[in-house]
Protein chains: 2
Amino acid sequence: MARSPSRNPPITEHLAYLLAQANREINRQLEARLRDEGVPVEQWRILKVLSDGKGHSMGELADEVLLNHPTLTKMIDRMVSDALVYRAQDPDDRRKVLMYSSERGKALTQRLNALALRQEAHIAESYGDKATAELKRLLESLIDTAT
Amino acid sequence: MARSPSRNPPITEHLAYLLAQANREINRQLEARLRDEGVPVEQWRILKVLSDGKGHSMGELADEVLLNHPTLTKMIDRMVSDALVYRAQDPDDRRKVLMYSSERGKALTQRLNALALRQEAHIAESYGDKATAELKRLLESLIDTAT
DNA sequence: TCGAAAATATTGAACTTTCAAGAATAGATG
DNA sequence: CATCTATTCTTGAAAGTTCAATATTTTCGA
């Protein structure tokens, strides 16, 4: 008979593991594409989020690009050095720093978007449109539930 | 009319982003549970993989636990210091190092497995058995395709 | 309005990861 | 079998991340 208390599944059956593995692989592939422009995935995320032209505070941005606070600060320091983004003080709340993309940043963003889209297209093609859409739907729903 | 070449979806629609977000959140939660034992997620993975009692070479292990080579070496160094695992030379191929779990490691593994299973159960409950199973299935299939 | 508490961002030190190179062993080729 | 190449693992230096503490500004209650 199957004992119900304390099954012991292999690690490959844990959702946490499957997510980590899938994320690692897809991220690796995206990274390889972005290497053409010498930009880490996180910087693409930042540029993409900032491409709406509105100022984003460091706090907002950290959430949006999935980085924690001090990590973002230091990554932004590097991007400021590269003249991709710039800081401005929020006039309405002087504790806040608002981030904007520079012209140079915007131009780069377009090239990066094209590379990222190519990856999306590649996945949709090899993995299937239907499965891709369904996977995205389930992931969104998991994020909703888990957050 | 919709222009087909070069749509520009928000980042939240990219599979790479959704995977990163979901992984981050689930990993965070697992981390919080494992904190009871003061062990990082990666060390649980290592212990769990080694709990089959067979020797795993560093190369195999690195693949299995989703770490790259030098990172694993240094994490194993720490675990050896904590007497959780030990190294042995492979008699059949003296380039290889075989890793084993110690008794102390095995005892810890059991406690960690219980914590991890509780998370799995929590997810299955809040997110739904059906959705969880389907998500796992899709992730496995994505990994197959992408690897 | 004053002062305590909360929110926002940055910093420095400690720790971890990564990259490139190196050391050791095994396999292959002439 | 001698040597050349490939495989496996580790190391040291550089780069990146994280934790705890700090500085600044805002909010809120007495």
Side-chain angles (χ1 to χ4, degrees), chain A residues 20-21 23-25 27-32 34-35 38-46 49-50 54-82 84-100, chain B residues 20-21 23-25 27-32 34-35 38-46 49-50 54-82 84-100:
Chain A
Q21 192 179 3
N23 178 52
R24 182 175 157 92
E25 189 54 37
N27 205 55
R28 213 196 270 292
Q29 292 180 4
L30 180 55
E31 201 172 26
L34 300 190
R35 187 145 26 234
V39 170
V41 174
E42 290 80 7
Q43 294 197 9
W44 169 61
R45 288 198 206 125
I46 292 170
V49 165
L50 295 185
K54 297 169 192 154
H56 293 243
S57 76
M58 292 293 283
E60 281 166 30
L61 195 51
D63 287 347
E64 292 165 329
V65 304
L66 316 177
L67 292 177
N68 51 26
H69 233 137
T71 306
L72 178 63
T73 291
K74 285 158 191 176
M75 182 155 288
I76 289 290
D77 287 347
R78 284 168 242 148
M79 294 177 79
V80 169
S81 299
D82 294 343
L84 297 173
V85 298
Y86 59 90
R87 291 177 160 99
Q89 204 175 42
D90 185 338
D92 296 338
D93 183 342
R94 287 175 11 233
R95 289 169 304 181
K96 292 187 182 174
V97 170
L98 297 180
M99 297 304 313
Y100 294 91
Chain B
Q21 193 179 3
N23 179 52
R24 182 175 157 91
E25 189 55 36
N27 206 56
R28 213 196 268 294
Q29 293 179 5
L30 179 55
E31 202 173 23
L34 300 190
R35 187 146 24 235
V39 170
V41 174
E42 291 80 7
Q43 294 197 9
W44 171 60
R45 288 199 205 124
I46 292 171
V49 166
L50 295 186
K54 296 169 194 154
H56 293 243
S57 77
M58 292 295 282
E60 281 166 29
L61 195 52
D63 287 347
E64 291 165 329
V65 304
L66 315 175
L67 291 177
N68 50 27
H69 233 137
T71 307
L72 178 63
T73 291
K74 283 159 191 173
M75 183 155 288
I76 289 290
D77 287 348
R78 283 169 241 144
M79 294 176 78
V80 169
S81 298
D82 294 342
L84 296 173
V85 299
Y86 58 91
R87 292 177 159 98
Q89 204 176 40
D90 185 338
D92 296 339
D93 183 342
R94 290 185 358 243
R95 290 169 303 180
K96 291 188 183 172
V97 170
L98 297 181
M99 297 303 313
Y100 294 91

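Worth knowing before you read on, the calculation uses all heavy atoms, side chains too, and leaves out hydrogens, waters and symmetry mates.
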N/O contacts under 3.5 Å, protein versus nucleotides 16-20 of chain D?
unit_1: D:dT17; atom_1: OP2; unit_2: A:R78; atom_2: NH2; d: 3.3
unit_1: D:dT18; atom_1: OP2; unit_2: A:N68; atom_2: OD1; d: 2.9
unit_1: D:dT18; atom_1: OP2; unit_2: A:N68; atom_2: ND2; d: 3.1
unit_1: D:dT18; atom_1: OP2; unit_2: A:T71; atom_2: OG1; d: 2.7
unit_1: D:dT18; atom_1: O4; unit_2: A:K74; atom_2: NZ; d: 2.6

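Per the geometry, NE2 belonging to B:H69 stands 17 Å off C1' belonging to D:dG12, to the nearest Å. Between A:L61 atom CG and C:dA7 atom P the separation is 20 Å, expressed in whole Å. Protein atom CE of B:M58 is 17 Å distant from nucleotide atom P of C:dT25, rounded to whole Å. In this structure, B:I46 places its CD1 atom 13 Å from C1' of C:dT16, rounding to the nearest Å. Between the CG atom of A:D92 and the P atom of D:dT26 there is a distance of 10 Å, rounded to whole Å. Atom pair A:R24:CZ and C:dT17:P shows a separation of 12 Å (rounding to whole Å applied). Atom CG in B:L66 sits about 19 Å away from atom P in C:dT16, given to the nearest Å. In this structure, A:L72 places its CG atom 13 Å from P of C:dT11, rounding to the nearest Å.
With values rounded to the nearest 0.5 angstrom, B:I76 atom CD1 is found 5.5 Å from B:L61 atom CG. Note that the CG atom of B:D93 and the CG atom of B:D90 stand 6.0 Å from one another [nearest 0.5 Å].
Residues A:L50 and A:H56 have side chains in contact (heavy-atom distance under 4.5 Å, counting atoms from C-beta outward). Between A:V65 and A:E42, every side-chain heavy-atom pair lies at or beyond the 4.5 Å cut-off. In this structure, the side chains of B:V85 and B:V80 come closer than 4.5 Å at one or more pairs of heavy atoms.
The only option from A:K54, A:E60, A:M79, A:R87 that meets the side chain to side chain contact (heavy atoms under 4.5 Å, CB included) definition with A:M99 turns out to be A:R87.
In this structure, B:S57 does not reach the D:dT8 phosphate: none of its side-chain N or O atoms is under 4.0 Å from OP1 or OP2.
Of the candidate nucleotides D:dC9, D:dT11, C:dT25, D:dT11 has the atom lying nearest to any side-chain atom of B:D77. Closest to the side chain of A:R94, out of D:dT10, C:dT8, D:dT25, is D:dT25.
Electrostatic pairing of B:E25 and B:R28 counts as a salt bridge here, judged by a charged N lying under 4.0 Å from a carboxylate O.
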When you check every protein heavy atom under 4.0 Å of nucleotides 1-6 of chain C, what one-letter string (B, S, -) results, 5' to 3'? ------
